[in-house]
J.: 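There's a structure below that I have some questions on.
Protein chains get the first letters and strands the later ones, always in sequence-line order, with residue 1 at the start of each.
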Amino acid sequence: MPEISKAYEPQAVEDRWYQFWTEKKCFAADPASAKPPFSIVIPPPNVTGMLTLGHVLNNTIQDILARRARMQGFEVLWLPGTDHAGIATQTVVERTLKKQGLIKHRNDLGREKFLEKVWEWKEKHGGIIIQQLKKLGASCDWSRERFTMDRDYSRAVAGVFVDLYRKGLIYRGKRMVNWCPASQTALSDEEVEMKEQQGLLYYFKVEVAEEPGTFLTIATTRPETIPGDTAVAVNPKDPRYARLIGKHVLRPLPSEYAADRKRIPIVGDEHVDFEFGTGVLKVTPAHDRADFDIGQRHKLPVVEVINADGSMNDLAGRDLAGLDRFAARKAAVEALGALGLLEKEEPYKNNVGYSQRADVPIEPRLSEQWFLKYPSLEAAREVVASGKMKFHPDRWAKVYDHWLEKIQDWCISRQLWWGHQIPVWYRQQNGKQEIHCDVEPPTGAGWTQDPDVLDTWFSSWLWAYETMDAATRRKFYPTSVLVTGPDIIFFWVARMIFAGFEYMGALPFHDVYYTGIIRDKQGRKMSKSLGNSPDPLDLIAKFGADALRFGVMRSAPLGQDILFDEQNVELGRNFANKLWNACRFRQMQGGETEAEIDPRALASEDKWILLKLNVALRELDTAFTEYNFSAAAQTLYRFFWNEYCDWYVEASKAVFFGTDEARKGAKLAVIDFVLAHTLRMFHPFMPFITEELWHAMGYSAEMPSDQGGVTIMNAPWPKPFDADFLGHYGLDDCYLENVDAQFELVSQGRNLKRTSNVPAGRKVRFILNPRQSFSAQEVEIFKLLLNAEAFELKSEYAGGKGVVSVSTALGDLYLPLEGLVDIDAEKARLLKEQEKYVLEIRKVEEKLANPAFTGKVPASVLAEHQKRLADWQSKFEHVGKALKALDDL
RNA sequence: GCGUGCUUAGCUCAGUGGUAGAGCAUUUCCUUCACACGGAAGGGGUCGCAGGUUCAAAUCCUGCAGCGCGCACCA
């Protein structure tokens, strides 16, 4: 057995085992396997992205599920890959090329050359996040790594487009879309984030053309769009303005226009809320969704005054043309002021749509785009509503349902170059436009392909099956569970469900587990601009991957956001070190590891720790069933640290520091049993250290090669003990209670020593007036844990002069101090205790005196209360005696 | 506005009807041969507020307040 170091050093261990697992092909999924399947597809990270704590959380959970399933005997597929992240990647590459001074705009290169640059970038940076996931210990089947722009995957995306086009679900149309002036592309509704703004509401006057001298006042947040106004609307039921409908007003901007070019009609429209502002609405059909609708109803012209990049065009007039839309707003206000038409401006809070990616306000814009009417809506809605597909936590099912209820067609075209180009070609033939929609380009001359690409999500919605070949699908589709963040429930989860039903005829996964969102200590979202996102690789270098995994799991409550604190990782590191040292302690005791546990040799504390192990195994199973990873981590922590190390190991020293070799052997057998279980229970959470110890402790040598002999990854997942096992080893629950009481006695004895100001190092004599018999070993343990010179059992003993004492469940415990006792301090302590007992006794007595209580309560509760009363009374009496003894001094 | 979640020790959180818990922080003590990334013993909470149901409420119900998130075309 090799020596192991005093402190665990993860850096020396992690890379070595990862390489070992890879070489032994431990992560490979075999579609021909006879084992039952368990499968997960990774939420593909951005190919040029870097690992974040969000990825750590998400992928640790997936790895835990995958590793546990392997140990449980499933054939596991965890399928990895990346997506091309259209806007994000294109923006990064374009910005980098600009910074290098190579281009001013991607047009300088042209589409083909620019895409070559993006591919170069992808080749250079695309592997980074994959390498980072490996550092974390992710047990993905890397031989199956996929990318959404792979050739076959791309053909499949095009194929789906063609299919949906032929089904009439995809169509092209000129519509109001969310336009991002920074990226200069259309976005889907989901990519728009509403943000509350502190802005201004401007009130300006317009003159009624037919009634010179009559003015209407209009309130607006966007005066820069006045040149694009083609009407003014009032509610036809509004008595203030109804008579004016059909007349005209003179639009104040552009100011240089002559009166006849300024005339725009006053229309009546129910949309106008006469409570709001002045009840008069300016209508800009080109730059506002609601106004566009009003425009359609009244056949108003659409006048664009804002360019694609957010600047004003010539139609905006000399005051505004060429300005950015926000500079134009100021200029418009100034122009109105100069015309004497600005009445007032007041502070106003409103919600403005922002481009999620570029973080600039969206510009509603009329443009020609491709749209999808979602397929398989009913099946997708039903499967979640009925509970056939389970969401964890299940409240997300309602969010999903609400979204489906008012679902809108999906704008799928993007004015980008990086992505799947739309498989549609056009040509003019005999004055008519021909359209070719197919995976294969058309033959013949004169065709041009639609320049737009598809939304990235239009490729990743096929991820759950398009990443698999036919044999893999047969074995592993539908997948077992999807682990992702609730922020992409609409973007990805919902759409994968549609695609699953439409193209596989079945749901893509059975369970969806939504993680929390990682925030910083102050509760802020992690963001690059705030610089509050620690680099997981730094944390791994500092504390180890296992520590990071365990720390994050332990602090990730079910379905709640996670406030990240490096201390959690430190705690994980400390825990790993504890595990390490507990194994080190075992090794230092020597002996063989093959020993079987002999039921006849089991002492009470041995049975206790086996029963505690069983409790932990049950709790662990429950936690997994509920996807409650923090509960699982806490169970492991409590069992190993607070039960095994704090009590069992300490108690075992009574045997190891003795000379009875037979008893040492029996103890080692129990320790090996517990440690071999512990390592396996921990393996999904802390794969590296458990593998290292599994071998270092020699446990691998005891197992068949496919059952843990080669790697702990294949060792059987420990199951709670069955009745045969419990019976064979005589594991009766009474040992839980009794040994708990023994350890409680030790705590009380230590407390007695401490409150009596006995120096910690000083050896003292304890005397117990016992309520039951104790084995010699139990007495030895008392003596050791109390650091006592002697631990005596005297059934007649009642203390006396200079003796302090405490009542325990196992009898009264005495500590003779031989004149050391500070009588006043001891008296104060006892009086304080007595006070507490009186209070507790009164509380229980009151309950028991209530006939409504005794009459209605279940027998077990009643018995428990009676026992509680007896316990308090016994303690009370004991304190009384002790006080009397002090008085007698 | 609608929906949804949270409010328990200084901090972060467990705890779904029966004696209020953990980790961190804090106080005191201990470098005793697994571990100072450690050990021992403490202190600290009228469970956001107000009602209700119940023998019994942190827990169930109602209302309110504060914070967060999602959805929503009031200019």
J.: Pick the C1' atom in B:rG68 and in B:rA34, then give their distance to the nearest Å.
T.: 45 Å
J.: For A:N574 and B:rC35, give me the distance from atom CG to atom C1', rounded to whole Å.
T.: 10 Å
J.: A:E570 side chain to A:E566 main-chain N or O, any donor-acceptor pair under 3.5 Å?
T.: no
J.: Would you mind classifying the nucleic acid contact of A:R638 as base, sugar-phosphate or nothing, using non-hydrogen atoms under 4.0 angstrom?
T.: nothing
J.: Distance between the P atoms of B:rC33 and B:rG39, in whole angstroms?
T.: 14 Å
J.: Rounded to the nearest Å, what distance is computed from the OH atom of residue A:Y644 to the P atom of nucleotide B:rA34?
T.: 13 Å
J.: Can you tell me the Watson-Crick or wobble partner of B:rA72, both distances under 3.5 angstrom?
T.: none
J.: Please state how far atom CG in A:N581 lies from atom C1' in B:rA36, giving the value in whole angstrom units.
T.: 11 Å
J.: With rounding to the closest Å, how many angstrom separate the C1' atoms on B:rC24 and B:rA57?
T.: 30 Å
J.: Between C1' on B:rG21 and CH2 on A:W641, what's the gap in Å once rounded to a whole number?
T.: 18 Å
J.: With rounding to whole Å, what would you report as the distance between B:rA56 and B:rG17 at their C1' atoms?
T.: 7 Å
J.: Considering only side-chain heavy atoms of A:F853, which listed nucleotide, B:rG18, B:rA34, B:rU19, is closest?
T.: B:rG18
J.: Return whichever of A:V399 or A:E570 has its heavy-atom-nearest nucleotide of RNA chain B closer to the 5' end.
T.: A:E570
J.: What's the gap between B:rU12 and B:rC49 when it is taken at their C1' atoms, as a whole Å value?
T.: 24 Å
J.: Taking for each residue the nucleotide of RNA chain B with the nearest heavy atom, is it A:Q567 or A:D561 whose nucleotide lies nearer the 5' end?
T.: A:D561
J.: Starting at CD1 of A:I488 and ending at C1' of B:rC69, how long is that distance when rounded to a whole Å?
T.: 16 Å
J.: Is A:K282 touching bases, backbone alone, or none of the nucleic acid, heavy atoms closer than 4.0 Å?
T.: nothing
J.: Closer than 4.0 Å, any side-chain N/O of A:K653 to the OP1 or OP2 of B:rA34?
T.: yes
J.: For A:N351, report the nucleic acid contact type (base, sugar-phosphate, nothing); a contact means any heavy atom under 4.0 Å.
T.: base
J.: Using a heavy-atom cut-off of under 4.0 Å over every strand shown, decide if A:R868 touches base, sugar-phosphate, or nothing.
T.: base
J.: Between the main-chain N or O of A:I689 and the side-chain N or O of A:D546, is there a donor-acceptor pair closer than 3.5 Å?
T.: yes
J.: Please classify the nucleic acid contact of A:L281 as base, sugar-phosphate, or nothing, using heavy-atom distances under 4.0 Å.
T.: base
J.: Would you mind pulling out the nucleotide paired to B:rC35, Watson-Crick or G-U wobble, both distances under 3.5 Å?
T.: none
J.: Evaluate the side-chain proximity of A:Q748 to A:L752: yes if any heavy-atom separation is below 4.5 Å, no if none is.
T.: no
J.: Which base sits across from B:rC67 as a Watson-Crick or G-U pair, both distances under 3.5 Å?
T.: B:rG5
J.: Given side chains that start at C-beta, do those of A:L579 and A:L693 come closer than 4.5 Å, heavy atoms only?
T.: yes
J.: Hey, does the side chain of A:R573 come within less than 4.0 Å of B:rC37's phosphate (OP1/OP2), counting only N and O?
T.: no
J.: How far does the C1' atom of B:rG52 sit from the matching atom of B:rC13, given to the nearest Å?
T.: 29 Å
J.: Nearest to the side chain of A:K843, which nucleotide is it out of B:rG39, B:rC29, B:rA20?
T.: B:rA20
J.: Counting heavy atoms from C-beta on, name the nucleotide in B:rG5, B:rA34, B:rG23 closest to the side chain of A:C645.
T.: B:rA34
J.: Please name the nucleotide paired to B:rU46 by Watson-Crick or G-U wobble geometry with both distances under 3.5 Å, or report none.
T.: none
J.: Nearest whole Å is fine: how far is B:rC74 P from A:D269 CG?
T.: 16 Å
J.: Under 4.0 Å between any heavy atoms, over every strand shown, what does A:W396 touch: base, sugar-phosphate, or nothing? Just pick one.
T.: nothing
J.: Hey, what's the ring geometry for A:F682 with A:F640, parallel, tilted or perpendicular (30° and 60° as the breaks)?
T.: perpendicular
J.: What integer number of Å spans the P atoms of B:rC2 and B:rA58?
T.: 31 Å
J.: Over how many whole Å does the gap from A:R289 atom CZ to B:rA72 atom C1' extend?
T.: 13 Å
J.: Taking any heavy-atom pair under 4.0 Å as a contact, classify A:K836: base, sugar-phosphate, or nothing.
T.: nothing
J.: Pick one: which of A:Y203, A:Y202, A:F204 meets side chain to side chain contact (heavy atoms under 4.5 Å, CB included) with A:K344?
T.: A:Y203
J.: Name the nucleic acid region contacted by A:K398, choosing base, sugar-phosphate or nothing; use a 4.0 angstrom heavy-atom cut-off, strictly under.
T.: sugar-phosphate
J.: Taking atom C1' in both B:rG23 and B:rU59, compute the distance separating them and give it to the nearest angstrom.
T.: 23 Å
J.: Nearest to the A:F490 side chain among B:rG70, B:rC35, B:rU4, which nucleotide is it?
T.: B:rG70
J.: Would you classify A:E275 as touching base, sugar-phosphate or nothing, given that sugar-phosphate means primed atoms plus P, OP1 and OP2, and contacts are heavy atoms under 4.0 Å?
T.: nothing
J.: Taking side chain as C-beta onward, heavy atoms only, is A:V352 less than 4.5 Å from A:M194?
T.: no
J.: Can you tell me which nucleotide in B:rA75, B:rC35, B:rA40 comes closest to the side chain of A:E650?
T.: B:rC35
J.: Report the distance from atom CG of A:L784 to atom P of B:rA34, rounded to the nearest whole Å.
T.: 11 Å
J.: Go through B:rG39, B:rU19, B:rA41 for me and flag the one nearest to the A:D646 side chain.
T.: B:rG39
J.: In terms of ring plane angle, is the pair A:W580 and A:Y8 parallel, tilted or perpendicular, where the classes change at 30° and 60°?
T.: tilted
J.: Quick one: label A:N751 by what it contacts on the DNA or RNA (base, sugar-phosphate, nothing), any heavy atom closer than 4.0 Å.
T.: sugar-phosphate
J.: Across the strands shown, which category fits A:S747 at heavy-atom distances under 4.0 angstrom: base, sugar-phosphate, nothing?
T.: sugar-phosphate
J.: What nucleotide among B:rA34, B:rG23, B:rA75 has an atom nearest to a side-chain atom of A:H271?
T.: B:rA75
J.: Has A:K578 got a side-chain N or O lying under 4.0 Å from the OP1 or OP2 atom of B:rG23?
T.: no
J.: Is A:R554 reaching over with its side chain to a backbone N or O of A:A633, donor-acceptor style, under 3.5 angstrom?
T.: no
J.: Give the nucleotide from the list B:rG68, B:rC35, B:rA40 with an atom nearest to the side chain of A:R519.
T.: B:rG68
J.: Can you identify which nucleotide, out of B:rG23, B:rC35, B:rC74, has its nearest atom closest to the A:D273 side chain?
T.: B:rC74
J.: With respect to the side chain of A:Y637, which nucleotide from B:rG23, B:rU19, B:rC37 is positioned closest?
T.: B:rG23
J.: Has the side chain of A:N581 got a donor or acceptor atom that lies under 3.5 Å from a matching backbone atom of A:N577?
T.: yes
J.: Using a heavy-atom cut-off of under 4.0 Å over every strand shown, decide if A:V272 touches base, sugar-phosphate, or nothing.
T.: base
J.: Using a 4.0 Å heavy-atom cut-off across all strands, classify A:Y348 as base, sugar-phosphate, or nothing.
T.: sugar-phosphate
J.: Heavy atoms only, 4.0 Å cut-off, all strands: where does A:V649 land among base, sugar-phosphate and nothing?
T.: base
